[in-house]
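In what follows, a single structure is set out as C-alpha cells and then discussed.
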2 protein chains.
Amino acid sequence: MTLDARKKNVLMAIVQDYIATAEPVGSRTIARKYKLGVSSATIRNEMADLEEMGYIEQPHTSAGRVPSDQGYRYYVDHLMKREEFNSEEAKLVLNGYLTKKREVGHVLRNAGQLLSQITNYTGVVMTTGLGGGRFKHIQLVHMGRRQSMVVMVTDAGVVHHQIIDIPESIQAADLETISSVLNHKLQGKTIENIRLTLIKEIYFELAKQKNILDMAIDIIQEGLSLETGEKIYLGSIFNILNQPEFHNIEKVKVLLSLLENEHELANIMTDVFQGEGVTVRIGEEMEDGRLKDYSLVMGTYHMEGKPVGRIGLLGPTRMDYARSFAVVEYMTDNISLVIERLMRWRGK
Amino acid sequence: MTLDARKKNVLMAIVQDYIATAEPVGSRTIARKYKLGVSSATIRNEMADLEEMGYIEQPHTSAGRVPSDQGYRYYVDHLMKREEFNSEEAKLVLNGYLTKKREVGHVLRNAGQLLSQITNYTGVVMTTGLGGGRFKHIQLVHMGRRQSMVVMVTDAGVVHHQIIDIPESIQAADLETISSVLNHKLQGKTIENIRLTLIKEIYFELAKQKNILDMAIDIIQEGLSLETGEKIYLGSIFNILNQPEFHNIEKVKVLLSLLENEHELANIMTDVFQGEGVTVRIGEEMEDGRLKDYSLVMGTYHMEGKPVGRIGLLGPTRMDYARSFAVVEYMTDNISLVIERLMRWRGK
DNA sequence: TGTTAGCACTCTCCTATATTGAGTGCTAAC
DNA sequence: GTTAGCACTCAATATAGGAGAGTGCTAACA
C-alpha cells in the first residue's frame, strides 16, 4: 500500500495535471512537463503499476490516465502541498455584509455566494443551530382565537418565529404575563442552560398563576425546538457550470435535483465527517450515488469556541483540493471571526 | 394586420404543433394532422404569406416553420382557447402547507415549488409587500450598547426584523416603554394608516417622555420601510431542464445567472404589466435580452381585494400558454383564498 | 536488474464525402 | 383559387480515411 518516491511523484504529476487541464494525462506529457529525470517509457511502467494498484484508470485504451477516487484520496492525504489563501477583498466583503445588516443570517448567505465566486464551485453554508447562542428576548403575540406567535431573539441577532395553538381561555394579557416572566428568568442564558436547568424553575414561578402553567412549558419547549432546525444557504450554482465536466446536461440535472432539496443536502453535510478541521469526501466515498462524480471539501466555523455550523465546497472530483482546502479554511476562520465580532458588539 | 379564417387555422396549427412537439412543423404535417380540407401545397402558400407577415419563421430553408414572438402573441391574443385547470391535489397541498406552519411565507415558498412541479416550467412567487396587512405587534429588543432590534409582526403572520442604531443613552427600559406605547396606539391598524395619520399622534404621546422622542419617529420610519421590501420565492429550476430546449448548456447558464439574482428577477416581474388578470410577456417583449427565448405568464394574488403579490411561470417561448394561463389563474385564486382564510382565523 | 529506445497496435477525434429525407418554392394544369 | 408535380436546398446521418496520442511489449543497454 505504500508507494516509493518515484511512484508518488508520478501520481502527483498525474493528479495535478488532470486538475489543471481536465484532460487524461499521458506518459510523455509527464516526462516533458514534470522533470522526473526518467524517460516516458519508465513512466509508462510506473503508470501500469499505479493502475494495477487502483490509483489511476484509463478511460479507454489509447487515452492517458485519470486519477481514481482512491488516487485523489492518496493525493489529498499524502501528496498535496498545503496552500495559503488570503484575500483582503473577501475579508472586506464579509465584514461589509456584517456592518450593513448586522445579522448572522445575512453574513452566512453571502459567505455562500462568496465561496462560489472565489472558486467556481458551489458553496454551501449550513448552521447546525445556535447551540451556543444566548437567549435575548421572547415575545408571545396573540394572533386571534386559539393562536399565538412565539418570536424569539438570540443575541446573535437571529430571530425565530412560529405560530402555536393555545387554549381559548388564554387572553392577550396572559400572554403578556408569560412573556415577561420568561424574559426575566431567561435573560442572557444559553440555550443549553435553558433546556437543562431553568424549565423547572419557571414551572414553579408560573405555578402561582395556575391556568397558564401547562402552556408555558409547551411554549418553551416548542420555542426551543426551533433551535434544532438546520438552515442551509446555497451559493451560486451558476459558477460550477463553468467547469468543463458540465457540458453534459444530465449531470446538471442530477446536481440540481440534489441541491434543491435542503433536507437531502443537510443530510449529506451531516454524514460527512463530524470532527474539526477541513475534511474531504471524494466521489464514491459519499453515500449518495448521485455524488459519485463530485467531491466535498468541508470545514466548521465557531462561536465562542464551539462549532455552530459548517461550510462546504462542492465540485467535481477533479477539483483543486489544495486551493479548496485553503479557501475553506480561510472562510471558516473569517466567518468565526465575524460572528465573534458581532457578539462582542452586543456585549455579554 | 387581420388574418382570414384559413390563415388563422394554419397559424393555430403551427403554434399548437410546435408547442406539442418542439419540432419545426411542415406543410405536410399540417395537412395530415389538422384536417383543414386543403392540400399541403395550399398550406405552403398560406405559410409563405404568414412568414412574410412575420408570424412564423424558418430556422433554415429546408426546415418547417416555427412561430415567431409575434406569432405567439397573435395566438395568445386571438386564437388560444381558454382552458380550465383544476386540481384538488394542488388545493390540498396548498392548504396543507398553511395548516402546518400557518405562515404566509411558507405557503408562498411552496406555491413556487408547486408551480414548477405542475408545469415543468419555473415558478416564481413574489410579494410586493404587505401594504394591506395590519399591524399586530412591535417589539424593540435591546441588543447591547447602541443597538436595538425591531421585530414587527403583521396579522398575516409575517415577521420582519432589523437591527437599528440607537443613542447610547437609551436603556432597555426605555425601549420597553416605546414598545408598549407603539403597540397600544397601532393595534390593528393597516400599514397605510400608520404611515399616513398615526405618526403625528404618537409623536405627541411620546413627547411627554422627552428624550425618547426623536428615536421613536426614527424607529417607526425605519420599521415601516421594511415593508416595502420585495421578497421572491423561486420554484424548482430542475424541472425546466426537462424541456427539450435545454440541451444547450449555455441557455441553462443564462437562465441561472438571471434567476440567482433576486433583484434582477424582481425588476423583470415588476416591469411586466401592472394590471389585473393573467398577463403574458413573450420573448423579446421583455427588456432583458437574456430572456429573448423565454416567456413569462404572470398573475396577481390578493388579500382583502388588494393585490399583494404576483406569481409567474417562466418557460421557453414554446411554452403551453393555454395551460400556463389556467394554472396561473388557478394558483392566484387559491393563494388569495388561502391567505384570506389565514386572516379570517386571526379575526379582525 | 532497472532503464530506455523503438515499434506495432489501439482507439478517439477530426475531416471530407456521400446519402437520405423533410420541406420548400415554383410552375403548369385543373 | 387550388392542387399535383418536380427540382432544389439544406440539415442530419452515415461512412471512410487519416492523424495523433498513447499504450504495451520487446530487446538492448548500463
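Order of the sequence lines sets the chain letters (A, B, ...), proteins ahead of strands, with each chain counted from 1.
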**OP:** Quickly work out the A:R28 CZ to C:dT4 P distance and round it to whole Å.
**Re:** 15 Å
Subject >> Sidechain N-carboxylate O distance under 4.0 Å for A:R323, A:E83 >> reply: no
Original post:
Are any side-chain N or O atoms of A:Q243 and backbone N or O atoms of A:P316, one a donor and one an acceptor, separated by less than 3.5 Å?
Top reply: no
Original post:
Tell me: CD of B:E46 to C1' of D:dT3, nearest whole Å?
Top reply: 13 Å
**OP:** Any pair with a residue in residues 66-78 of chain A that passes salt bridge (charged side-chain N to carboxylate O under 4.0 Å, His left out), sequence neighbours left out, goes on the list, sorted by first then second residue, please.
**Re:** A:R73-A:D77, A:R73-A:E285
Subject >> Pair A:E260-B:S236, side-chain donor/acceptor within less than 3.5 Å >> reply: yes
Original post:
Looking at residues 15-27 of chain B, who's got a heavy atom less than 4.0 Å off DNA chain C?
Top reply: B:G26, B:S27
Original post:
For A:V38, does its backbone N or O pair with a side-chain atom of A:T42 as donor and acceptor, under 3.5 Å?
Top reply: no
Enumerate the protein-to-nucleotides 13-18 of chain D contacts in which both atoms are nitrogen or oxygen and the separation is below 3.5 Å.
none

Original post:
Taking CD1 from B:I43 and P from C:dT24, how many angstroms apart are they, rounded to a whole number?
Top reply: 10 Å
Original post:
If you look only at pairs with a residue in residues 10-23 of chain B, which of them pass as a salt bridge (charged side-chain N to carboxylate O under 4.0 Å, His left out), with sequence neighbours excluded?
Top reply: B:D17-B:K33
Between the protein and nucleotides 24-27 of chain D, list every N/O to N/O distance that falls short of 3.5 Å.
residue: D:dG24; atom: OP1; partner: A:R65; partner atom: NH2; Å: 3.2
residue: D:dG24; atom: N7; partner: A:R44; partner atom: NE; Å: 3.1
residue: D:dG24; atom: O6; partner: A:R44; partner atom: NH2; Å: 3.2

**OP:** Name all residues meeting the salt bridge (Lys or Arg N to Asp or Glu O under 4.0 Å) criterion together with A:E51; count only those two or more places apart in sequence or in a different chain, and write none if there are none.
**Re:** A:R65
Original post:
Taking for each residue the nucleotide of DNA chain D with the nearest heavy atom, is it A:T29 or B:S40 whose nucleotide lies nearer the 5' end?
Top reply: B:S40
**OP:** List for me each residue that meets ring pair (Phe, Tyr, Trp, His ring centres under 6.0 Å) alongside A:Y121, sequence neighbours excluded, and say none if there are none.
**Re:** none
**OP:** Give each stem of DNA chain C as a range with a range, requiring at least 3 consecutive Watson-Crick or G-U wobble pairs whose two distances are under 3.5 Å.
**Re:** C:1-30 with D:1-30
Subject >> Test ring pair (Phe, Tyr, Trp, His ring centres under 6.0 Å) applied to B:Y34 - qualifying residues, sequence neighbours left out >> reply: none
**OP:** To the nearest Å, give me how far apart CD (A:E57) and P (D:dG22) are.
**Re:** 17 Å
Original post:
Is a salt bridge present between A:R290 and A:E264, judged by a nitrogen-to-oxygen distance below 4.0 Å?
Top reply: yes
**OP:** Quick one: list whatever passes ring pair (Phe, Tyr, Trp, His ring centres under 6.0 Å) with B:H78, sequence neighbours left out.
**Re:** B:Y74
Original post:
Is there a donor-acceptor contact under 3.5 Å from the side chain of A:T332 to the main chain of A:G299?
Top reply: no
Subject >> Partner residues of A:E245 under the side-chain hydrogen bond (donor to acceptor under 3.5 Å, both in side chains) criterion, sequence neighbours left out >> reply: A:R318
**OP:** Determine yes or no for a side-chain-to-main-chain donor-acceptor pair under 3.5 angstrom, with A:S116 supplying the side chain and A:N239 the backbone.
**Re:** no
Close N/O contacts between protein and nucleotides 8-16 of chain C (under 3.5 Å):
residue: C:dC11; atom: O4'; partner: A:S62; partner atom: OG; Å: 3.4
residue: C:dC11; atom: O2; partner: A:S62; partner atom: OG; Å: 2.8

Original post:
Quick one: do A:E284 and A:K292 make a salt bridge, cutoff under 4.0 Å?
Top reply: no
